[in-house]
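A short worksheet on the structure shown next.
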2 protein chains.
Amino acid sequence: MVTKAGKAAKSAKQVRDAEATKIAILDAAEAEFAQYGLNAAKTEEIAAKTGVTKAMIYYYFKSKEDLYVAVLERIFFGRYMDSIQLEALEQLPPEQALEKLIRRQIATDFNYPHLGPIQIHEALQNQGKYYKHVLSSDRAQQVFGIVTKILERGMAEGCFRKLHPQHTVMNILGACNFYFTAYENFKYLWQGVPLLSPEMVEEHSQEVVDLILAGVRNREPRK
Amino acid sequence: MVTKAGKAAKSAKQVRDAEATKIAILDAAEAEFAQYGLNAAKTEEIAAKTGVTKAMIYYYFKSKEDLYVAVLERIFFGRYMDSIQLEALEQLPPEQALEKLIRRQIATDFNYPHLGPIQIHEALQNQGKYYKHVLSSDRAQQVFGIVTKILERGMAEGCFRKLHPQHTVMNILGACNFYFTAYENFKYLWQGVPLLSPEMVEEHSQEVVDLILAGVRNREPRK
DNA sequence: GTCTATACTTAGATAGAC
DNA sequence: GTCTATCTAAGTATAGAC
């Protein structure tokens, strides 16, 4: 998502504003890295999209690698974490918590379309090397632990059947994210289906919620 | 997956064998494109992995782009299609067909670890441009149509609840594939869990089968 | 803080010998 | 069919003027 501050600053040309320029570069870099990943992204392109010269990138971020790390951290801590709001789910009944989690995950994928692609490129191209310190941070461990806890609580209370929490977390995220990740291929398979329209995304949410909730629900509740 | 013919030919050095060299190049290119995608892949690296010089790549394939297309076609028509065997599922009862489909999809992901990454890079980096003619081919349309038909048959027969077939196809594929795609990131989140061991992949299969079958099953069958 | 110009490096592609 | 050498383009990064 393009930050307003960034856009505004660079459209009113030649205004010297360090913070705005930095943000504009981060915004452009985010889009470039989302499409190409660290290795195929070009600083030239990032500069062009930003509306500044390449030299500015190196002035503010020292190297392409450093810029990449800055983008990774901003999108995870500054976007994903704020948007997914996992803490708020801890107090809800397991089924409600799971439904909200799914809806928020999909809304986040839709609102921040660069998030998923950046994470995938990082996994495939760099084997998570630059993402390691993000995901092994206390904050990330704690927040993802909440999802596992929701599933365990559901099993303990008897509303969820016996599940492997870690597998289930991945399967849920897979169902949420694949839709967006694979969209550009599937549009050729299902020509004419407007997969990325808001209506279809809403349909997607509902389908995932129905599928997953039915998939985890315990059909033989204790007496 | 590295083709035997390719390996063998290039380990017995300097044997002039056009077909074997071509296969060896395709094998190396497949691995390189799986990690980096078209744009970040380097012909230099492909040549080094193959054990031949860069010039050979251009002798056999004319350009990096042409080599990429050759890899895409081979992995889809020559690997995926043979491995997934969708035609064999048409006659089975819907639930059995769906279970087999999931198990085969995951086995295919495991046996051909380059397949998923190549497809994803193609979607993200090139918006499916080079994959278009593959996925809009009669063969692909027909084969993926089988999956949709299995779901529709299940609904017609009353064993599946009301589903949107296209969403369901994507959600199933997402649950199957995300495990492998995101592995390199999740290993940092769940340190010590051997996600890619054969035992865990078997567990993954079982979890997805259980989740999806429970998720689509009709709980109020007609009388 | 921003630009222009440029050094340095790598990667795609080809020519020509063997 | 394979290699060495090389051309050319593109990309990362820096120096220095404004």
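Quick note: numbers below take in every heavy atom, side chains included, and nothing from hydrogens, waters or symmetry partners. Note that this is a predicted model, so its numbers are computed, not measured. Chain identifiers are assigned alphabetically (A, B, ...) following the order of the sequence lines, protein sequences preceding nucleic acid strands; residue numbering begins at 1 within each chain.
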Checking all strands, does A:A55 fall into the base, sugar-phosphate, or nothing category for heavy-atom contacts under 4.0 angstrom?
-> base
Assign A:A41 to base, sugar-phosphate, or nothing according to its heavy-atom contacts below 4.0 angstrom with the strands shown.
-> sugar-phosphate
Base D:dG11 to side chain A:K54, donor-acceptor N/O within 3.5 Å cut-off = no
Between A:Q142 and A:D138, do the side chains contain an N or O donor and an N or O acceptor separated by less than 3.5 Å?
-> no
Distance check: side-chain N/O of A:T53 vs OP1/OP2 of C:dT2, anything under 4.0 Å?
-> no
Using the C1' atoms of the five pairs at each end, what is the angle between the end axes of the helix from C:dG1-D:dC18 to C:dC18-D:dG1, to 10°?
-> 0°
To the nearest angstrom, the NZ-P distance between B:K42 and D:dG11 comes to 14 Å
Please state whether the rings of A:H121 and B:H121 are parallel, tilted or perpendicular, taking 30° and 60° as the class boundaries.
-> parallel
Interatomic distance, A:Y36 OH vs D:dA10 C1' [rounded to whole Å] = 14 Å
Report the distance from atom CG of B:D66 to atom C1' of C:dA13, rounded to the nearest whole Å.
-> 13 Å
Given atom CG of B:L67 and atom C1' of C:dA13, what is their separation to the nearest angstrom?
-> 14 Å
Rounded to whole angstrom units, what separation is found between the CG atom of B:D17 and the C1' atom of D:dG1?
-> 10 Å
Test side chain to side chain donor-acceptor pair (under 3.5 Å) applied to A:D27 and A:K22, A:K49, A:R74, the passing residue = A:R74
Hey, what's the ring geometry for A:F144 with B:F186, parallel, tilted or perpendicular (30° and 60° as the breaks)?
-> perpendicular
Parallel under 30°, tilted from 30 to 60°, perpendicular over 60°: which one fits the rings of B:H164 and B:H167?
-> perpendicular
Separation of atom CZ in B:R16 from atom P in D:dG1, rounded to whole Å = 8 Å
Would you indicate whether the side-chain heavy atoms of A:E122 and A:Q127 approach each other to under 4.5 Å?
-> no
Grab the CD1-C1' distance between B:I25 and D:dT2 for me, whole Å please.
-> 10 Å
Where along residues 56-64 of chain A does a heavy atom come under 4.0 Å from DNA chain C, residue by residue in number order?
-> A:M56, A:Y59, A:Y60
So, is A:T43 near the phosphate of D:dG11, with a side-chain N or O under 4.0 Å from OP1 or OP2?
-> no
Salt-bridge present (B:E90, B:K100; N to O < 4.0 Å) = no
Examine distances only and state if a side-chain atom of B:H204 and a backbone atom of B:C176 form a donor-acceptor pair shorter than 3.5 Å.
-> yes
For the side chain of A:Q125 and the backbone of A:Y36, is there at least one donor-acceptor N/O pair under 3.5 Å apart?
-> yes
Under 4.0 Å between a side-chain N or O of A:T21 and OP1 or OP2 of C:dT2?
-> yes
Within this structure, what is the CD-to-P distance between A:E44 and D:dA9, rounded to whole angstrom?
-> 16 Å
